[in-house]
Amino acid sequence: MIDLHTHTDRSDGSTDAADLVRLAMREGMEALGIADHDTLAGYDAALPLATEAGLELVCAVELSTRPNEPKLPGKRQPSVHLLGYWLLSPPSDEFRCWLRSQQESRRRRNLELVAKLEQLGVPVSLDEAEIYGRNQVGRPHFARVLCDKGYVSNMQQAFDLYLADEAKASVEREEPTLEEGIQKIRESGGMTSLAHPVRLPQRGTDLASLLRRLIDMGLDGLEVFHSDHSPADTAEYGELARNLDLIPTGGSDFHGENKPRIRLGTGINHNICLHYSFLENMREMFAARQHRTSDTL
Ligand code: AMP
Ligand code: ZN
Ligand code: FE
Ligand code: FE
């Protein structure tokens with residue numbers, strides 16, 4: 001069994017990198033992909049332990065990007081999540097540097113969020129949020145502090161009242177466009193895959209035409225298997241991937257205790273089961289693509 005979409009506590013998961021490696025070993029997994037949001041810190045921390053334990057660790061990232069579609073005035077568009085997988089070579093130093101520059105926009109957003117929460121009479125300091133988000137402070141960490149301080153009764157209420165995209169304390173973060181994300185991952189030797197397509201507003205022919213546009217920008221794959229996908233979704237996305245020659249990717253989107261229904265490797269109620277050959281297929285398809293690209297240059 002393998003799982004190619006997991007998060008550690010270096011982004012919004014609850015599991016420490018070392019604990020995630022131990023859990024994967026306990027479950028008898030053959031490969032583990034760590035795809036933290038906008039950071040490689042979880043992967044870097046897990047690598048020595050995984051190597052020692054004989055677990056194949058797949059370097060990955062999940063970028064939050066802005067769709068390139070024209071904006072509706074006054075309406076904020078939900079982010080589109082883009083996965084990057086480095087299957088043939090590690091990410092370049094340039095890519096790591098670019099990721100760090102992305103962290104700056106998050107820091108600026110967090111400072112604005114602190115100011116807004118203060119104005120709303122529910123103050124949370126950056127220090128308090130950093131207790132939960134040691135490496136990268138995100139909205140889920142603010143949500144936990146709002147709970148701890150008794151301003152809200154649960155995490156969802158923290159989002160609904162204050163932190164959600166359209167809620168009172170909402171602050172827009174500058175995100176790279178989807179096209180920029182695709183280019184940065186590709187330039188650094190990675191393959192790209194559109195994450196959990198079920199969360200996109202497009203389905204059917206609209207989704208197919210969106211994917212064609214993204215393929216022109218350099219998209220390589222589609223996340224066919226995901227905990228949020230029903231069997232019908234998985235069949236639909238699998239067929240789309242075949243028809244459009246996209247590399248199928250998949251994983252549970254494990255977040256530890258932060259999303260307790262999702263189990264490492266098996267997803268929600270065993271709705272995912274990926275074998276090692278699935279990763280081999282990704283690698284072969286991506287290598288063939290790289291070969292074709294270098295031939296045409
Ligand atoms: P950030 O990257 O700091 O903007 O935080 C994004 C994370 O917040 C997502 O990955 C979700 O885990 C969580 N999140 C965003 N919006 C909501 C919402 N409306 N309800 C619950 N969780 C949310
Ligand atoms: Zn997440
Ligand atoms: Fe995601
Ligand atoms: Fe994810």
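Numbering of ligands and ligand atoms starts at 1, following listing order.
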S.K.: Between N258 and S14, does any side-chain donor sit less than 3.5 Å from a side-chain acceptor?
M.R.: no
S.K.: Once ring-ring contact (aromatic ring centres under 6.0 Å, His included) is applied, do any residues pair with Y85, and if so which ones, sequence neighbours excluded?
M.R.: none
S.K.: Distance only, no hydrogens: is a donor on one side chain within 3.5 Å (strictly under) of an acceptor on the other, for D253 and H5?
M.R.: yes
S.K.: What I want to find out is whether R263 reaches E27 closely enough, with some N-O distance under 4.0 Å, to be called a salt bridge.
M.R.: no
S.K.: Compute the angle centred on the Fe ion (ligand 4) spanning NE2 of H5 and NE2 of H7, and express it rounded to 10 degrees.
M.R.: 100°
S.K.: Does D228 come within less than 4.0 Å of K259, counting only side-chain N to carboxylate O?
M.R.: no
S.K.: Quick one: sort the H37 and H7 rings into parallel, tilted or perpendicular, breaks at 30° and 60°.
M.R.: parallel
S.K.: Show me the pairs that pass ring-ring contact (aromatic ring centres under 6.0 Å, His included) and involve residues 103-161, at least two apart or across chains.
M.R.: none
S.K.: Do H81 and E223 have side-chain atoms, one donor and one acceptor, less than 3.5 Å apart?
M.R.: no
S.K.: Could you give me the CA-CA distance, side-chain angles and deciding distance for E175 and S79, then say whether side-chain hydrogen bond (donor to acceptor under 3.5 Å, both in side chains) is met?
M.R.: CA-CA 8 Å; E175 288 171 339; S79 310; 3.0 Å; yes
S.K.: Return the set of protein N, O or S atoms whose distance to the Zn ion (ligand 2) is under 2.8 Å, each given as residue and atom.
M.R.: D12 OD1, D12 OD2, H37 NE2, H255 NE2
S.K.: Keeping to distances under 2.8 Å, can you name the protein N/O/S atoms close to the Fe ion (ligand 3)?
M.R.: E62 OE2, H81 ND1, H196 NE2
S.K.: Please answer whether the main-chain N or O of R10 pairs with a side-chain N or O of D36 as donor and acceptor at a distance below 3.5 Å.
M.R.: no
